[in-house]
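Below is one structure; the comments refer to it alone.
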Amino acid sequence: MIQLVGPGGAGKSTVGAMLARRLGWPFHDLDREFERRRGDIDTFIQAHGYPTYAHENVAVYLELVPGLEDCVLALSSGFMVYPTSVHPACSGVTAAIARSRTTVVLLPSLDLETCVAETVRRQLGRPLCRRDPAREETVIRARFDRYMALPAPKVETMRSPDEVVAAILARLGMEPPEKPPAK
């Protein structure tokens with residue numbers, strides 16, 4: 001299982017779906033799984049608070065992952081930076097993800113200022129965006145060093161999704177299955 005980590009707007013869902021298609025594997029998005037199992041994320045956070053959301057998101061991960069193999073999974077943007085106190089399994093889960101040889105950190109850029117500017121631009125450009133630019137900037141600034149500290153390979157996403165997929169495969173030392181010759 002390839003797990004994609006990074007901030008919102010890094011390209012985890014877009015690139016993850018393309019990577020899965022290229023490998024002939026299923027694609028799973030933890031945010032979509034949360035919504036399927038627990039409801040709309042924004043509504044859930046408004047009703048229960050962010051710590052309860054983080055707890056339930058770890059629970060959804062634990063419900064989902066045991067049945068997965070040969071797939072690509074895009075994690076929620078804050079998953080790897082949750083306080084370990086949000087769920088009893090959080091520290092073990094995030095440590096295992098960080099150590100996995102098939103975890104990849106996606107960031108628009110490895111340069112802090114470029115990453116912040118591009119992340120904010122992408123987040124605000126999403127359909128139905130109700131986000132505050134200052135809050136988005138604060139979030140990525142607070143998380144950037146933690147993403148960079150993860151021992152997983154880092155892949156910059158300020159290029160075409162096809163180039164990002166190729167970079168991920170190269171960093172993981174993987175080759176997609178050969179396509180059958182055209183008839």
Side-chain angles (χ1 to χ4, degrees), residues 1-38 41 54 56-82 89-90 92-111 114-115 118-119 121-123 125-127 140 143-144 146-183:
M1 176 172 53
I2 297 172
Q3 297 184 88
L4 303 178
V5 174
K12 298 180 301 291
S13 296
T14 300
V15 168
M18 290 180 70
L19 177 62
R21 276 194 304 278
R22 184 119 175 241
L23 292 168
W25 291 358
F27 172 68
H28 301 275
D29 184 314
L30 189 57
D31 287 344
R32 301 301 72 81
E33 281 297 321
F34 184 96
E35 290 177 339
R36 191 173 72 72
R37 296 169 188 235
R38 304 293 197 272
I41 292 171
E56 288 303 304
N57 205 26
V58 173
V60 168
Y61 178 90
L62 292 169
E63 293 165 12
L64 175 67
V65 168
L68 300 181
E69 59 184 51
D70 292 343
C71 70
V72 177
L73 174 62
L75 296 177
S76 305
S77 62
F79 195 90
M80 293 300 290
V81 296
Y82 291 152
C90 188
V93 166
T94 56
I97 294 167
R99 285 191 313 268
S100 171
R101 64 175 190 77
T102 57
T103 294
V104 178
V105 178
L106 299 183
L107 293 162
S109 174
L110 301 184
D111 171 74
T114 304
C115 184
E118 184 64 11
T119 300
R121 185 191 71 75
R122 289 177 182 186
Q123 287 289 72
R126 288 184 166 187
I140 185 58
R143 294 177 176 175
F144 181 81
R146 294 188 64 195
Y147 290 128
M148 291 297 290
L150 292 171
K154 315 305 182 283
V155 174
E156 293 179 295
T157 61
M158 288 180 65
R159 50 188 160 168
S160 78
D162 285 328
E163 291 173 304
V164 176
V165 167
I168 291 169
L169 291 170
R171 293 299 295 269
L172 295 178
M174 297 176 73
E175 292 293 326
E178 297 232 1
K179 293 180 183 175
K183 293 183 183 184

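A donor-acceptor contact shorter than 3.5 Å is absent between the side chain of Arg159 and the backbone of Val164. A distance-only check finds no donor-acceptor pair linking the side chain of Ser76 to the backbone of Gly78 [under 3.5 Å]. Formation of a donor-acceptor pair under 3.5 Å by the Glu156 side chain with backbone atoms of Leu110 is found in this model. Under a 3.5 Å cut-off, the side chain of Lys12 and the backbone N or O of Leu106 do not form any donor-acceptor pair. When atom types are taken as modelled, the side chain of Arg171 and the backbone of Lys154 share a donor-acceptor pair closer than 3.5 angstrom.
Proximity of Met148 to Leu107: side-chain heavy atoms (C-beta onward) are separated by under 4.5 Å at one or more points. Using a 4.5 Å heavy-atom threshold, the side chains of Arg122 and Met158 count as touching.
Expressed to the nearest 0.5 Å, how far OH of Tyr82 lies from OG1 of Thr94 amounts to 11.0 Å. Summarising the geometry, atom CZ belonging to Arg38 is positioned 10.5 Å from atom CZ belonging to Arg36; distances are rounded to the nearest 0.5 Å. Taking CZ of Arg37 as the start and CD of Glu56 as the end, the distance is 11.5 Å to the nearest 0.5 Å. Distance check: Thr157 OG1 to Glu163 CD gives 11.5 Å after rounding to the nearest 0.5 Å. Expressed to the nearest 0.5 Å, how far CG of Asn57 lies from CG of Leu62 amounts to 10.0 Å. Atom CE of Met1 and atom CH2 of Trp25 lie 10.0 Å apart (nearest 0.5 Å).
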field: Leu23 and Leu169: CA distance, side-chain angles, deciding distance, side chain to side chain contact (heavy atoms under 4.5 Å, CB included) verdict
entry: CA-CA 10 Å; Leu23 292 168; Leu169 291 170; 3.9 Å; yes
query: Between Val5 and Phe79, does a side chain to side chain contact (heavy atoms under 4.5 Å, CB included) hold up when you go through it step by step?
result: CA-CA 8 Å; Val5 174; Phe79 195 90; over 6 Å; no
Step-by-step side chain to side chain contact (heavy atoms under 4.5 Å, CB included) determination, Phe144 to Thr119: CA-CA 11 Å; Phe144 181 81; Thr119 300; over 6 Å; no
Pair Glu35-Ile41, side chain to side chain contact (heavy atoms under 4.5 Å, CB included): steps then yes or no: CA-CA 6 Å; Glu35 290 177 339; Ile41 292 171; 3.8 Å; yes
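Taking both residues in full, the closest heavy atoms of Ser77 and Pro7 are given as CB-C, 3.7 Å, listed atom of the first, atom of the second, then distance. Nearest heavy-atom pair, Leu30 versus Leu73, reported as atom, atom and distance to 0.1 Å: N-CD1, 4.0 Å. Of all heavy-atom pairs between Cys71 and Leu68, the closest is SG-CB, 3.8 Å. The shortest heavy-atom contact between Met80 and Ala98 is CE-N, 3.8 Å. Considering all non-hydrogen atoms of both residues, Phe27 and Ala20 come closest at CB-CB, 3.7 Å. The shortest heavy-atom contact between Pro153 and Thr103 is CD-O, 3.2 Å.
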